[in-house]
2 protein chains.
Amino acid sequence: VRKVALVAGGLAKWGVRKATWKELVQEAGKALFDDAPDLDRREVDALFVGAAQPERFAFQAHAAPMVAEQLGLSPRTLMRTEMACASGQMAIKAAAMHIAAGLSDIALVVGVEKMNAAPLAEGQTSMTCVLDREWDGVHGGSAPPFFAMVAQRRMRDCGTTREQMAAVSVKNHRFSSTNPYAHFQKLFTLEKVLSSPVVAPPLTLLDCSGITDGAGAVLLTTAEMAGRFTDRPAHLWAYAQAVQGNNVANLGDITQWPPCAMAAREAYRLAGIGPDDVDLAELHDCFTISEIIEYEAFGFCPKGEGGRFVEEGQSDVGGKVAVNTRGGLLGTGHPLGATGLGQAIEVLWQFQSRVPAARQVADPEVAVSHNLSGAANAHAVTVYGRDPR
Amino acid sequence: VRKVALVAGGLAKWGVRKATWKELVQEAGKALFDDAPDLDRREVDALFVGAAQPERFAFQAHAAPMVAEQLGLSPRTLMRTEMACASGQMAIKAAAMHIAAGLSDIALVVGVEKMNAAPLAEGQTSMTCVLDREWDGVHGGSAPPFFAMVAQRRMRDCGTTREQMAAVSVKNHRFSSTNPYAHFQKLFTLEKVLSSPVVAPPLTLLDCSGITDGAGAVLLTTAEMAGRFTDRPAHLWAYAQAVQGNNVANLGDITQWPPCAMAAREAYRLAGIGPDDVDLAELHDCFTISEIIEYEAFGFCPKGEGGRFVEEGQSDVGGKVAVNTRGGLLGTGHPLGATGLGQAIEVLWQFQSRVPAARQVADPEVAVSHNLSGAANAHAVTVYGRDPR
């Protein structure tokens, strides 16, 4: 089995864009080709596209051949992967497995979502079909009410405070203000987060990630061939997922998300590391409360102490582990299929010391990338190392 | 890299079903578990779901965790694959790569599509989003008009006749009349096919595959472990895809489909075989004209002679190569994501001599499974062998 490395990345500008679905792909693809000037496009023998709901959001199915045509590729393997908000990370995983198994030498991965094309009402309706339509969707279940319920229960059971949640938003918006690809590039105070319009109590607008158009692209190859493209790749060390039911009612513990801890533990085990080894974590902060729970699930702090962890600056650059230095979903927005790509590119650029000083982690060696999907029933983790393994 | 084998399969009854999307999954899953009585569900460490447009047809996204919950699985890898009509074959391919690379030992693959849930008009609209909405979809491009155009051009350029197309339908409906899982179990004469209502000239209703609800499931494991489940598995020998643009205008030759021949050649090369070695071919007969073109692209007969090939019975059991013995898409229907699973299960059951005598190929050793997607721009082929390789 061959070792896999991520060697180049490119992003479109994320935000509410006039660009179409195809134009977002073109923009990310061009940025990737610029980051891999030695790549001959004919060498790309596999293409994986992470996209959650192009059929609904952009009325465009059959995403992989569409992307191949936009980027001038004729791959010998191509497919789209879908796992709602983890669709992008799944595309990276599937690409890595094809390389590991020898069916591909150079794979291109695109993540894309055009979320502001359909009328808002149709877009919101589409989000509800991520949940089981007969059990949860039918009750109006979608992301904000679910995560609001999580936050309320956390406040009651664990003493998590509104100020602690808001601290996540302040941190991640501070990071995204250094990120020219981010949807939001504005600093917010704790007071501003707390007093922004309520979306679903207790969550305010600034507790929620944005409805964002975006795309990202990365190039994967074998660890052996990586040197052709960069002298500092990100090596893929481990992949893990865990799932606990799909209905909201089947998630074992709404305040702790057991499958998140299961996926993190499995990722650590496969990579041969522990939480103390992680320098950089891209955690799925779809809402502020999510990041707090994830600190605990990843073992960065004891259960129930995630709120204090962020308040004390332990998830900031210079703290115990730098979390969401690109700005996370809160700061860069959450174009579903593109999010996993944005995370992977941040890991690569951190390893390459290419990000602005305000968010650069000093000499990072190990990073994790995490996405959840649905009502936090499913979690996916990829572990990256600066060195081969 | 580990060798992969297909060891068990199960089907739901295909047709216009009252069953919901979830119930179709349950039905196929139960049939699979019945076919692998020694399987402990906790051993299933990966789940791949092939589905083309559940978001539009069944208002259900996030397909993989939904299926996991329905089947009582807690896999450590799960995702959905999409490649329009080739979605099911992609799920098998992705599963095989995860096993080959060592990330999974026992993978379950489900293909499913509930196509008769949405109002017919919405269903038809959804099919148009498989094509590029800005170039082809906007002109009303969808499957029947595209394949009718292909048929017209074939008649003019290659002398293919309506009777030859109809012969494909007669053969495949004859086969599906032996298949209790098939949508259509009725024999049709050549005259009946020719005189059935015109859908898009020259194609009649019986030249077109059905709008079908269906699901199928297979179990994959390593060639080494296969013996635990069956003494006669189907060994996965090779995987190939080819793509030529995505717009209708970018398909090099509308009467020959160059990417189909490219995928077939690559599959043969990787498997170390030639067209004469193929005993059994599951070809994507979405329309009668498709199967005729595919005979030629797979090298079963010279270019332009596909029509004569079927008329002479060369694609029948006992002919040069038995094509679509389960009844193909024309006879069993075409529940998009499930079709690739139906094909794989026919290969397995043929190798196991489990199908009715009327369609059993004598001692088959090599089989190919083929799907196209979009406007025949993209093609996928898997080669199966009775023996390990």
Side-chain angles (χ1 to χ4, degrees), chain A residues 1-2 20 22 51-56 58-66 68-70 73-84 86-87 90 93-94 96-98 100-103 126 129-134 137 239-247 250 263 266 373-374 377-378, chain B residues 1-2 20 22 51-56 58-66 68-70 73-84 86-87 90 93-94 96-98 100-103 126 129-134 137 239-247 250 263 266 373-374 377-378:
Chain A
V1 174
R2 309 192 297 179
T20 64
K22 288 197 288 190
Q53 285 195 44
E55 298 86 351
R56 295 200 66 89
F59 198 69
Q60 187 62 67
H62 207 216
M66 285 282 294
E69 187 173 65
Q70 296 310 310
L73 303 176
S74 300
R76 289 175 302 160
T77 288
L78 71 164
M79 68 180 74
R80 163 187 166 218
T81 58
E82 184 268 323
M83 187 69 186
S87 298
M90 290 305 95
K93 184 179 186 176
M97 288 307 102
H98 280 68
L103 203 64
S126 294
C129 85
V130 171
L131 302 178
D132 187 318
R133 62 176 286 191
E134 293 163 22
Y239 320 83
Q241 291 180 258
V243 62
Q244 191 170 49
N246 184 59
N247 291 338
N250 285 345
E266 172 79 351
S373 52
N377 298 75
Chain B
V1 174
R2 308 194 296 179
T20 64
K22 288 195 290 191
Q53 287 195 42
E55 299 87 351
R56 296 199 66 88
F59 198 69
Q60 188 61 68
H62 207 214
M66 285 281 293
E69 187 173 64
Q70 296 310 309
L73 303 175
S74 300
R76 289 175 302 160
T77 289
L78 70 164
M79 67 180 77
R80 164 188 165 217
T81 57
E82 182 269 323
M83 187 70 184
S87 297
M90 291 304 96
K93 183 179 187 175
M97 290 305 104
H98 280 68
L103 203 64
S126 294
C129 85
V130 171
L131 302 178
D132 186 319
R133 62 177 284 191
E134 295 164 19
Y239 320 84
Q241 292 179 257
V243 61
Q244 190 170 51
N246 184 59
N247 291 337
N250 286 344
E266 173 79 350
S373 52
N377 299 75

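Just so you know, these numbers come straight off a predicted model, no measurement behind them. Throughout, a chain's letter reflects where its sequence line sits, starting with A, and its residues are numbered from 1. Just so it is clear, the values below take in all heavy atoms, side chains as well, and ignore hydrogens, waters and symmetry mates.
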- Task: Against chain B, work out which of A:Gly137, A:Cys129, A:Gly102, A:Ala61 has the most heavy-atom pairs shorter than 4.5 Å and name it.
- Result: A:Cys129
- Message: side-chain contact (heavy atoms from CB on, under 4.5 Å), that's the test. Do B:Leu131 and A:His62 meet it? Break it down for me.
- Response: CA-CA 7 Å; B:Leu131 302 178; A:His62 207 216; over 6 Å; no
- Note on the structure: Hits for salt bridge (charged side-chain N to carboxylate O under 4.0 Å, His left out) against B:Arg76, two or more places apart or cross-chain, chain-then-number order -> A:Glu266, B:Asp45
- Note on the structure: Whatever's closer than 4.5 Å to a heavy atom in chain A on B:Ala94 counts as both
- Item | A:Lys93 versus A:Thr81, side-chain donor and acceptor atoms under 3.5 Å | no
- Message: Let me confirm one number: the NE2-NE2 distance from B:His98 to A:His98, rounded to the nearest 0.5 Å.
- Response: 8.5 Å
- Task: Flag the one option from A:Val130, A:Val1, A:Thr20, A:Leu73 with the top tally of heavy-atom pairs under 4.5 Å to chain B.
- Result: A:Val130
- Name the region of A:Ser87, side chain, backbone, both or neither, that has any atom closer than 4.5 Å to a heavy atom of chain B. neither
- A:Asn377 versus chain B, the contacting section by heavy-atom distance below 4.5 Å: neither
- Item | Contact leader toward chain A among B:Ala242, B:Ala84, B:Ala100, B:Pro65, where contacts are heavy-atom pairs under 4.5 Å | B:Pro65
- Apply salt bridge (charged side-chain N to carboxylate O under 4.0 Å, His left out) to B:Glu69 and list each qualifying residue two or more places apart in sequence or on a separate chain. none
- Note on the structure: Note: vs chain A, highest number of non-hydrogen pairs under 4.5 angstrom among B:Gln70, B:Met90, B:Gln60, B:Gln244 is B:Gln60
- Message: Report which part of B:Pro75 has an atom under 4.5 Å of a heavy atom belonging to chain A: side chain, backbone, both, or neither.
- Response: both
- Item | chain A contacts, top residue of B:Ser373, B:Ala64, B:Ala68 (heavy-atom pairs, under 4.5 Å) | B:Ser373
- Test side-chain contact (heavy atoms from CB on, under 4.5 Å) on B:Glu82 and B:Glu55 and set out the steps. CA-CA 12 Å; B:Glu82 182 269 323; B:Glu55 299 87 351; over 6 Å; no
- chain B contacts, top residue of A:Pro54, A:Ala51, A:Ala58 (heavy-atom pairs, under 4.5 Å): A:Ala58
- Task: Could you tell me which non-hydrogen atom of B:Met97 sits nearest to which non-hydrogen atom of B:Tyr239, and how far apart they are?
- Result: CE-CE1, 3.4 Å
- Of the backbone (N, CA, C, O) and the side chain (C-beta and beyond), which part of B:Ala96 lies under 4.5 Å from a heavy atom of chain A, both, or neither? neither
- Query: For the residue pair A:Gln53 and A:Ser126, what are the closest heavy atoms and their distance?
  - Reply: NE2-O, 3.1 Å
- Query: Between atom CG of B:Asn246 and atom CG of B:Asp132, what is the distance when rounded to the nearest 0.5 Å?
  - Reply: 6.0 Å
- Task: Go through the atoms of A:Asn250 and report whether side chain, backbone, both or neither lie under 4.5 Å from a heavy atom of chain B.
- Result: side chain
- Task: Specify which of A:Glu134, A:Met66, A:Arg80 makes the most heavy-atom pairs with chain B at under 4.5 Å.
- Result: A:Arg80
